[in-house]
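Keep in mind that what you see is a predicted model, and the values were worked out from it rather than measured.
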Amino acid sequence: MNRTAPAEAAASGTASGTPSEPTPPAPLADVTGLLDGVPRQRGPVRAARVTPDAVAVGTVPAPEPAPASGTGPETAPAPEGARSLSHLLRRAAGIPFTLAYAAVLVVTSLVARYADPALVYALHQASSTDVAHLLRAPVPVLLASGLWVAGGILSPYALLFVVVLGTLERRIGALRTAGVFLAGHVLATLATEIPVGLAVLAGHLPDSSLHRLDYGISFGVAACAGALAGLLGPWLRWPLLALFAGAAVTGLLTLADPMTSWGHLISVAIGIAWWPALRRRGEAATALAAAS
């Protein structure tokens, strides 16, 4: 069957005087596999063929090239030792006061252990917070007495220093931890030495009591332990208080060093007196974190 051009195309071709070229026939649809006489049949869906020319003109997006095996950058997991060191450094950065103070105590403890005994005794005597030194130079001796550890770096109070102050500092910060320690160290020292001076004036103690050797960090550590107990749950609070208060009561009962034992009890009480302020700060920090 022959197909002819439409009448308008033929008329325009005749009017222009030029013969019109016959329109090429439209391609027939692929009817392979269709049934005769059955309308609305769908042929099989065939994937479009992507040719280089179609990609070049931008009608078909170019396929993503598959990455070559072994050529891409690979990030190797950090070694276990490096991760542990990084975790340790992050934790150490949270307790700068405790670590700096501990470093000073390590140095003075090494001096006390390996230096000449006469020199060590002179240093301890100059740092003693006895009544005579407190009357002459209270501020220097109160600071100097906190640079020594009675019993050396392996004494119980040296180990408790790192644990108690480090835990407290992580919870309330360096400045507040230093304030609690200083309050216990200073106030407990004055609370024990002033009665000694008054007893000497009254004639109840000899004059040698004015030069009683007194130095160390135990009062400050006991105060920090008392303050820390208020931030812990009951299962940790009461054992911690019992540890420090029990040791002080034992010292009082045995009369080994009653003034120091009273100082420890007073220091724990000073730490407990910090509970309202520290708890208010904790509540404020919690509310601020919830609001943000």
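Scanning all heavy atoms of the two residues, the minimum distance from Ile270 to Ala183 falls at CD1-O, 4.1 Å. Taking each heavy atom of Ala112 and Trp148 in turn, the nearest pair found is CB-CZ3, 4.2 Å. When all heavy atoms of Leu241 and Gly226 are compared, the pair lying nearest together is CD2-CA, 4.1 Å. The heavy-atom pair separating Ala227 from Val180 by the smallest distance is CB-CG1, 3.9 Å. The heavy-atom pair separating Gly152 from Ala158 by the smallest distance is O-CB, 3.9 Å. Contact detail for Trp238 and Pro234: the closest heavy-atom pair is CD1-O, 3.2 Å.
Between His133 and Gln125, some side-chain heavy-atom pair lies under the 4.5 Å cut-off. Thr192 is not listed as a side-chain neighbour of Thr260, based on a closest heavy-atom distance of 4.5 Å or more. Counting heavy atoms from C-beta outward, Thr108 and Leu123 have side chains that stay 4.5 Å or more apart. For the pair Leu228/Ile172, no side-chain contact is recorded, criterion being any heavy-atom separation below 4.5 Å from C-beta on. A heavy-atom distance below 4.5 Å is found between the side chains of Val200 and Asp207.
Here CG of Asp257 is found 9.5 Å from CG of Leu252. Values are rounded to the nearest 0.5 Å. Taken from CD1 in Ile95 to CG in Leu168, the straight-line distance is 11.5 Å, to the nearest 0.5 Å. Rounded to the nearest 0.5 angstrom, Leu110 CG and Ile153 CD1 are separated by 7.5 Å. Distance CG/Leu182 to CG/Leu175: 12.0 Å, rounded to 0.5 Å. Rounding to the nearest 0.5 Å places CG of Leu134 at 8.5 Å from OG of Ser145. Distance CG/Leu147 to CD1/Ile217: 10.5 Å, rounded to 0.5 Å.
Both Phe181 and Leu278 sit in one connected hydrophobic cluster of ILVMFWY residues. Membership requires side-chain heavy atoms under 4.5 Å apart, directly or through other members. No path of Ile, Leu, Val, Met, Phe, Trp and Tyr side chains, each step under 4.5 Å between heavy atoms, connects Val186 with Leu135, placing them in separate hydrophobic clusters. Met259 and Leu187 fall into different hydrophobic clusters, where Ile, Leu, Val, Met, Phe, Trp and Tyr side chains are chained together by heavy-atom contacts under 4.5 Å. No single ILVMFWY cluster, assembled from side-chain heavy atoms under 4.5 Å apart, contains both Val111 and Leu105. Ile194 and Val141 end up in the same hydrophobic cluster when Ile, Leu, Val, Met, Phe, Trp and Tyr side chains are linked at under 4.5 Å.
Taking the six-membered ring where the residue is Trp, the centroids of His264 and Phe244 are separated by 6.0 Å or more. Remark: aromatic rings of Phe161 and Tyr157 are distant, center separation not under 6.0 Å. Checked against a 6.0 Å centroid threshold, the rings of Phe219 and His185 do not count as neighbours.
Judged purely by atom type and a 3.5 angstrom limit, Ser127 has no side-chain atom pairing as donor or acceptor with the backbone of His124. Within the 3.5 Å criterion, the main-chain N or O of Leu205 finds no donor-acceptor partner in the side chain of Ser209. Judged by distance alone, with hydrogens and angles left aside, the side-chain atoms of Arg212 form no donor-acceptor pair with the main-chain N or O of Asp130 at under 3.5 Å. In this structure, Glu169 contributes its side chain and Phe97 its backbone to a donor-acceptor pair below 3.5 Å.
If you check the side chains of Asp214 and Ser128, you find no donor sitting under 3.5 Å from an acceptor.
The 12-atom threshold is exceeded at CZ of Arg237, counting heavy atoms of other residues, nucleotides or ligands nearer than 6.0 Å.
Both tests do not hold together for Arg171 against Trp274: distance to the six-membered ring centre under 6.0 Å, angle to the ring axis within 45°.
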